[in-house]
Amino acid sequence: MANFVNKKMNTFPCSKCGLCCQLVGTAQETKDLDRGDSVCLHYDEGTKLCSIYENRPDICRVDKQYSLNYSQEYDWDTFVRINIKACEYIISKHS
């Protein structure tokens, strides 16, 4: 994902690794999505995708979280770069 860091982005460049969906039990904001083993109850292990993607909760929407919680603190590209770094960290610890 590091190759995305210096480019202007209109959307978040999700790699669809599924790791954030497998760690919902580790964050207070997503604990209600935990099926009991830290994996999101909407995570499809076969496809590594969300089974309710079009209707997923706001906490799972990077653009929505930006507008609700971070737009006053960061511009979009900075926010995306911060989230890419978080993804890279998660991937390095769980791959």
Side-chain angles (χ1 to χ4, degrees):
M1 272 198 265
N3 60 330
F4 291 110
V5 173
N6 295 319
K7 295 181 180 179
K8 176 100 173 122
M9 292 162 275
N10 294 323
T11 60
F12 183 74
C14 179
S15 68
K16 297 182 172 100
C17 70
L19 285 173
C20 58
C21 303
Q22 295 173 57
L23 298 169
V24 297
T26 62
Q28 189 62 40
E29 299 83 359
T30 54
K31 281 187 184 269
D32 61 325
L33 298 170
D34 188 347
R35 67 180 187 194
D37 59 355
S38 204
V39 176
C40 179
L41 46 93
H42 304 292
Y43 178 65
D44 182 325
E45 293 182 29
T47 64
K48 293 187 177 180
L49 299 174
C50 178
S51 64
I52 61 163
Y53 185 79
E54 292 303 319
N55 298 307
R56 69 196 185 280
D58 287 347
I59 192 67
C60 301
R61 298 172 182 269
V62 175
D63 57 339
K64 187 72 164 188
Q65 288 305 304
Y66 174 72
S67 64
L68 289 173
N69 301 306
Y70 300 98
S71 63
Q72 299 299 314
E73 190 170 346
Y74 304 107
D75 64 43
W76 172 250
D77 286 344
T78 301
F79 180 71
V80 169
R81 283 193 298 273
I82 290 167
N83 279 274
I84 288 171
K85 292 287 186 192
C87 289
E88 291 172 337
Y89 176 78
I90 291 168
I91 290 167
S92 75
K93 295 296 181 189
H94 293 92
S95 293

Trainee: Any chain of hydrophobic side-chain contacts (each under 4.5 Å) joining V80 to Y74?
Mentor: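 Yes: a chain of side-chain contacts under 4.5 Å links V80 to Y74.
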Trainee: Nearest 0.5 Å, what's the NZ-OG distance between K31 and S38?
Mentor: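 With rounding to 0.5 Å, NZ (K31) is 7.5 Å from OG (S38).
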Trainee: Looking at every non-hydrogen atom in both residues, tell me the closest pair between L23 and T26 and how far apart they are.
Mentor: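 Closest heavy-atom pair between L23 and T26: O-OG1, 2.6 Å.
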Trainee: For G25 and D34, which heavy atoms make the closest approach, and how far apart are they?
Mentor: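 Smallest heavy-atom distance, with atoms named: CA-OD2, 3.4 Å.
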Trainee: I'd like to know if the side chain of Q65 reaches the main chain of D58, judged simply by a donor and an acceptor atom lying under 3.5 Å from each other, with no hydrogens or angles considered.
Mentor: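 Judged by distance alone, yes, a pair lies under 3.5 Å.
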Trainee: Quick one: closest heavy-atom pair of C40 and V24, and the distance?
Mentor: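 Nearest pair, atom of C40 first, then V24: N-CG2, 3.4 Å.
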Trainee: Testing the basics here: between R61 and R56, what is the closest heavy-atom pair and its distance to 0.1 Å?
Mentor: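 Residues R61 and R56, closest heavy atoms: NE-O, 3.1 Å.
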Trainee: Treating Ile, Leu, Val, Met, Phe, Trp and Tyr as nodes and any side-chain heavy-atom pair under 4.5 angstrom as an edge, say whether I59 and L68 lie in one connected cluster.
Mentor: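 No, no single cluster joins them.
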Trainee: When clusters are formed by joining ILVMFWY residues with side-chain heavy atoms under 4.5 Å apart, either directly or through shared neighbours, do I52 and L33 land in the same one?
Mentor: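 In one cluster: no.
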Trainee: Can you tell me how far SG of C87 sits from CG of L19, rounded to the nearest 0.5 angstrom?
Mentor: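 Answer rounded to 0.5 Å: 9.0 Å.
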Trainee: Rounded to the nearest 0.5 Å, what separation is found between the CH2 atom of W76 and the CZ atom of R81?
Mentor: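 Spacing of CH2 (W76) from CZ (R81) equals 12.0 Å.
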Trainee: Does atom OH (Y66) have a neighbourhood of more than 12 heavy atoms from anything else shown, all under 6.0 Å?
Mentor: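 It does: Y66 OH has more than 12 such atoms within range.
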Trainee: Just how far is it from atom SG of C50 to atom OH of Y43, taken to the nearest 0.5 Å?
Mentor: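 C50 atom SG to Y43 atom OH measures 11.0 Å (nearest 0.5 Å).
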Trainee: Please round to the nearest 0.5 Å and tell me the distance separating atom SG of C17 and atom CD1 of I90.
Mentor: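 So the SG of C17 and the CD1 of I90 are separated by 7.5 Å.
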Trainee: Within this structure, what is the CD1-CG distance for the pair I82 and D77, rounded to the nearest 0.5 Å?
Mentor: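 Atom-to-atom, I82:CD1 and D77:CG are 11.0 Å apart.
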